[in-house]
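Just so it is clear, the values below take in all heavy atoms, side chains as well, and ignore hydrogens, waters and symmetry mates.
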Amino acid sequence: MENLLDHRLTTLMVVAQTGSLTAAAQQLFITQPAVSQQLASLEADLDVPLLVHHGRRVKLTPASTELVITCILFIINKQLC
């Protein structure tokens with residue numbers, strides 16, 4: 001069902017799960033700069049900050065937390081249909 005989501009949303013969901021751009025990149029089998037680029041593109045399209053950087057860790061902003069929850073609910077709903 002994830003193929004129904006923009007790949008940048010999938011990337012954001014993995015970053016939320018791992019708390020790290022590097023760990024997300026490893027899990028997605030892409031480079032860390034690619035993760036950063038995808039998230040920067042998503043931030044630009046949405047015109048809202050998605051992450052707060054704390055050293056090597058990242059935390060979601062309230063807006064990105066809501067976005068991740070919406071994506072999860074979308075996936076669950078599609079799986080139930």
Result block: side-chain N/O donor-acceptor pairs under 3.5 angstrom for residues 45-53, not counting sequence neighbours:
residue	atom	partner	partner atom	Å
D45	OD2	R8	NH1	2.6
D45	OD2	R8	NH2	3.1

Could you pull out all donor-acceptor pairs under 3.5 Å where a side-chain atom in residues 25-32 meets a protein atom, sequence neighbours excluded?
residue	atom	partner	partner atom	Å
Q27	NE2	Q17	OE1	3.3
T31	OG1	A34	N	3.2
Q32	NE2	S36	OG	2.8

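Expressed to the nearest 0.5 Å, how far CD1 of I76 lies from SG of C71 amounts to 11.5 Å. Considering CD1 of I72 and CG of L67, their distance stands at 10.0 Å, rounded to 0.5 Å. Here the CE-OG1 distance, from M13 to T70, works out to 10.5 Å after rounding to the nearest 0.5 Å.
Counting only distance, with no hydrogens or angles, the side chain of S41 and the backbone of Q37 share no donor-acceptor pair below 3.5 Å.
Each of V35, D6, L42 was compared with L12 under the side-chain contact (heavy atoms from CB on, under 4.5 Å) criterion, and only L42 meets it.
Here Q38 pairs with T11 under the side-chain hydrogen bond (donor to acceptor under 3.5 Å, both in side chains) rule; sequence neighbours left out.
The heavy-atom pair separating V15 from A24 by the smallest distance is CG2-CB, 3.5 Å.
F74 and L80 end up in the same hydrophobic cluster when Ile, Leu, Val, Met, Phe, Trp and Tyr side chains are linked at under 4.5 Å.
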